[in-house]
Amino acid sequence: MEILDSLNEAQKQALLCTKGAVLVTAGAGSGKTKLLTHRIAYLIQHEHIDESKILAITFTNKAAREMKERVSKLLGTPNGVWVSTFHSMCLKILRKHITKLGSYTSDFSIYSESDSEKTLKQVIKDLSLNMDNYKHYANVISNCQNDNVDIYTYAKRYLIEQEDLINVYETYQKTLEKNNALDFDNLLTKTYELFVTHSDVLDYYSNLFEYIFVDEFQDTNKIQYDIVKLLSKTHKNIFVVGDEDQCVYTWRGAKFQNIFDFKNDFAPVKIFKLEQNYRSTKNIIDKANKLIKNNTERFDKILWTANEEGKNVECNEYYDEQQEAESVATKIIKLIELYGYKYNDIAILMRMNALTLSFEQKMLNYNIPYRIYGGFKFYERQEIKNLISYLRLFTNQNDDTALMRIINFPKRAIGDVAINKLREYAYSKNLSMLMGMVHLYNNSEDNSALYSKIKSFVESYNKLKDIYCKVKLDEFCKRVIDEFNIKTAYMDKSDENTDKLYNLDVFVNSISEFIFNNQDATLSDYLESITLETDLDFMGTDDTVTISTVHSVKGLEFKVVFVVGLEEGLFPISRAYESDKEMEEERRLMYVAMTRAKERLFLSYANTRYLHGKRSPTIVSRFIDEIGVSLPTKPKKYIDTQHDYNKYGNNYKSFYNYNNIKQQTASTTTHNGYTMATSINKEEKPKKDTSIYKKGQVVNHPKFGKGTILDIVDDGVCADIDFEKFGKKTLILEIAPLEIL
């Protein structure tokens, strides 16, 4: 049978078990996607299951697209299998049925993380509460929704002071409903609410999906697990694939215990193990097995591979982070020049993004193209978010968050006082702010001063509303840009404004491409498609070295992987010391990092590192010992007379001229355009006050130029900054020579 021919015996056994609940524990690189796609094709081709009765859930849009394409290739024809992420599936269901819940309409907005943050901060402000508690409120709201519990139960469970918290939670949810909007977590919770309060809707979908597949099951949270249980209640044919050794998202609600609960909740369950790894060499798999066996909360499985022995896993010790980064850069050059690797074959992985700085500098010095993932997406750029907010007003007239973003952009002399008066006016009429403006326009005598400020805006809105459904989407977007004079905000001649104008054109073109590929698509379809994209959906498209945290590359693979910063307190991170559960998650994260590598794996640590505002000696990570690598080797001198390294730029300097033996009395070292203390004996300079830096500030750096602070990360130690000419970088605030503009 052709569909079975390329599968191993364990995969065949799992595939042929076509009835009831099936759990497959699939080790890293063991062909789980192949099993999923072949099983779907088998059900359609040999069990004659209607394509529309199969639901397959995975965790990124990219994975969903690839899975659907692979099924079509196996069948030799396009297929109608419903393959999507949890959020996309719930969105599709809610678009059809959300009117059964409260005052929502089917054209609701989906709030991005920044939209949700803006809404919650406005709630905190309106309630006259301390904005310093924002993160606490945000975390509790997210945790409640991921754990699928109400705020009262959550507060009681964790003995949290209740009154303010409950007030914030309930007001935030009511504000979203008033705005006819859902945040990402709401997509899940509202779907669950719909199912448990409207049995007819649940019965429809539970009867529809005769077979349900869930990929990356170890990464499901409580609400996702509960939705799956409801959907599978009729046919009970549920096939889940996961690996408890790769669960690294418990900090955002994932519960790998779902794998163990599955055995009880869906009993009787047939369990299969996929232990043959097709990705990595024997040496890499051997070291990964030695590491992960130190965890106790796992199934007893041992990866093995028929692949070649491969190069030894190499571990290197360096004096400091600069020597470490320089060595990695020169190894990359050697891999490219001598061994034929491409840049996108290579990844530099770390536990926290604060370590990217030294590696970015060396990539620049050697003209090595690189990209940092988890960075600044195109749709998060300020000019694009503004334009998206304008467009959202035509799909959802109740979206106050969108209106607040652009009501005074471009400048219309509508300041805070006028905005507050407008809000009061709209709310007194029980209207959204936009509809309040339209009402005021039609009743100018209510407030003539306010009327004069909003008159031109409403006239433009009304004019565009009349043509909204009469022109193509890309043409409508152009009309919005012109009618609201958006480009006038960027008319001052500067490189920054030139880029912003170009980005607006790119955005319009993206709509043109979308409607070309989706002929009947609406503006709502387009907006939700870009809102649900993740960073993983854009990975691997350029020939660049990947610099990333381990969390951001889960599910990907590279021929060569460097895992850097393997020091106690960094990897494993210090907060894991007090908890066996957290230490096991750190070990799983290291396991994920190692098993991304197909051919070469390099591990490294530094004896001293400048972090958190000071240089300190370090202790090598416990994982090095657990992995059982050979004693760390010092970098050896490498001289190559056959290759011209001048092409790597004027800044090229051989790593092997680096002063490996540092004097303890040394006081400074030049790094990235500023000076840092390198002595570990001398008294440190007074700490710089980093509290002056805030998200959204425009700053200037002597080397990178002008940029915008996207976020303050790593507990205030670092900032993610989008530089106009260099892209997104993470800088240590205590040492970065930033000028606030």
Side-chain angles (χ1 to χ4, degrees), residues 314-333 346-366 368 370 372 545-550 561-574 593 602-621 623-624 632-635 651 653-664 666-682 684-685 703-704 713-714 717-720 729-737:
E314 184 178 315
C315 183
N316 291 287
E317 172 188 352
Y318 300 104
Y319 175 78
D320 62 11
E321 68 277 3
Q322 292 184 67
Q323 187 186 9
E324 179 183 46
E326 184 116 18
S327 177
V328 169
T330 55
K331 286 179 187 296
I332 289 173
I333 292 171
I346 301 170
I348 304 170
L349 306 182
M350 57 204 65
R351 176 62 180 84
M352 53 190 290
N353 60 15
L355 303 192
T356 64
L357 193 61
S358 55
F359 295 97
E360 287 191 75
Q361 176 65 27
K362 297 308 175 185
M363 297 300 110
L364 290 170
N365 285 352
Y366 292 100
I368 297 172
Y370 70 94
I372 294 181
V545 171
T546 292
I547 301 177
S548 176
T549 61
V550 184
V561 170
F562 293 86
V563 186
V564 300
L566 286 169
E567 297 133 34
E568 289 291 304
L570 285 183
F571 206 170
I573 203 161
S574 57
F602 298 89
L603 313 176
S604 64
Y605 62 92
N607 287 324
T608 79
R609 189 172 296 275
Y610 193 94
L611 199 62
H612 305 315
K614 61 182 179 180
R615 178 164 297 282
S616 303
T618 66
I619 300 172
V620 62
S621 171
F623 296 153
I624 296 292
T633 56
K634 304 285 185 181
N651 290 326
K653 179 179 72 171
S654 172
F655 163 76
Y656 307 101
N657 290 330
Y658 187 86
N659 183 14
N660 293 331
I661 303 175
K662 300 283 187 181
Q663 300 297 322
Q664 293 295 307
S667 59
T668 62
T669 180
T670 301
H671 183 70
N672 216 25
Y674 46 86
T675 300
M676 301 189 308
T678 58
S679 170
I680 59 176
N681 292 334
K682 286 192 173 184
E684 298 289 345
K685 294 181 179 179
K703 181 178 181 66
F704 300 128
V713 297
D714 297 323
V717 173
C718 304
D720 289 339
K729 297 186 179 299
T730 302
L731 302 185
I732 301 171
L733 290 173
E734 282 200 356
I735 58 175

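Small disclaimer: the values here were computed from a predicted structure and weren't measured.
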* To do: Quick one: list whatever passes ring pair (Phe, Tyr, Trp, His ring centres under 6.0 Å) with Y370, sequence neighbours left out.
  =>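 Result, ring pair (Phe, Tyr, Trp, His ring centres under 6.0 Å) vs Y370: none returned.
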* Partners of F562 by ring pair (Phe, Tyr, Trp, His ring centres under 6.0 Å), sequence neighbours excluded? ->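 Ring pair (Phe, Tyr, Trp, His ring centres under 6.0 Å) list for F562, sorted by chain: F602.
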* In chain order, what residues pass the side-chain contact (heavy atoms from CB on, under 4.5 Å) check against A719, with sequence neighbours excluded? ->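 Scan of A719 (side-chain contact (heavy atoms from CB on, under 4.5 Å), adjacent residues dropped) gives I709, I712, I721, L733.
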* What pairs with A325 under side-chain contact (heavy atoms from CB on, under 4.5 Å), at least two apart in sequence or on another chain? ->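 For A325, the residues satisfying side-chain contact (heavy atoms from CB on, under 4.5 Å) (neighbours in sequence not counted) are S358, F359, K362.
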Rounded to the nearest 0.5 Å, what separation is found between the [atom1] atom of [X] and the [atom2] atom of [Y]?
X: Q322; Y: Y319; atom1: CD; atom2: OH; value: 10.5 Å
X: I624; Y: E567; atom1: CD1; atom2: CD; value: 9.5 Å
X: T356; Y: Q361; atom1: OG1; atom2: CD; value: 11.5 Å

* Asked: If you take all heavy atoms of V563 and A593, which pair is closest and at what distance?
  ->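 Residues V563 and A593, closest heavy atoms: CG2-CB, 4.0 Å.
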* **Qualifying residues under side chain to side chain donor-acceptor pair (under 3.5 Å), relative to S604, sequence neighbours excluded** =>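 For S604 the side chain to side chain donor-acceptor pair (under 3.5 Å) partners, ignoring immediate neighbours, are E324.
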* Asked: Which residues pass the side chain to side chain donor-acceptor pair (under 3.5 Å) test with T618, sequence neighbours left out?
  ->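 Not a single residue meets the side chain to side chain donor-acceptor pair (under 3.5 Å) criterion with T618.
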* Asked: Okay, side chain of S621, backbone of F571: is any donor-acceptor separation there less than 3.5 Å?
  ->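 Yes, S621 side chain to F571 backbone: donor-acceptor pair under 3.5 Å.
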* Asked: When you measure from the side chain of T330 to the backbone N and O of E326, does any donor-acceptor pair fall under 3.5 Å?
  ->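 Yes: the side chain of T330 pairs with the backbone of E326.
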* **Contacts of R351 that satisfy salt bridge (charged side-chain N to carboxylate O under 4.0 Å, His left out) - sequence neighbours left out** =>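 Listed in chain order: E586.
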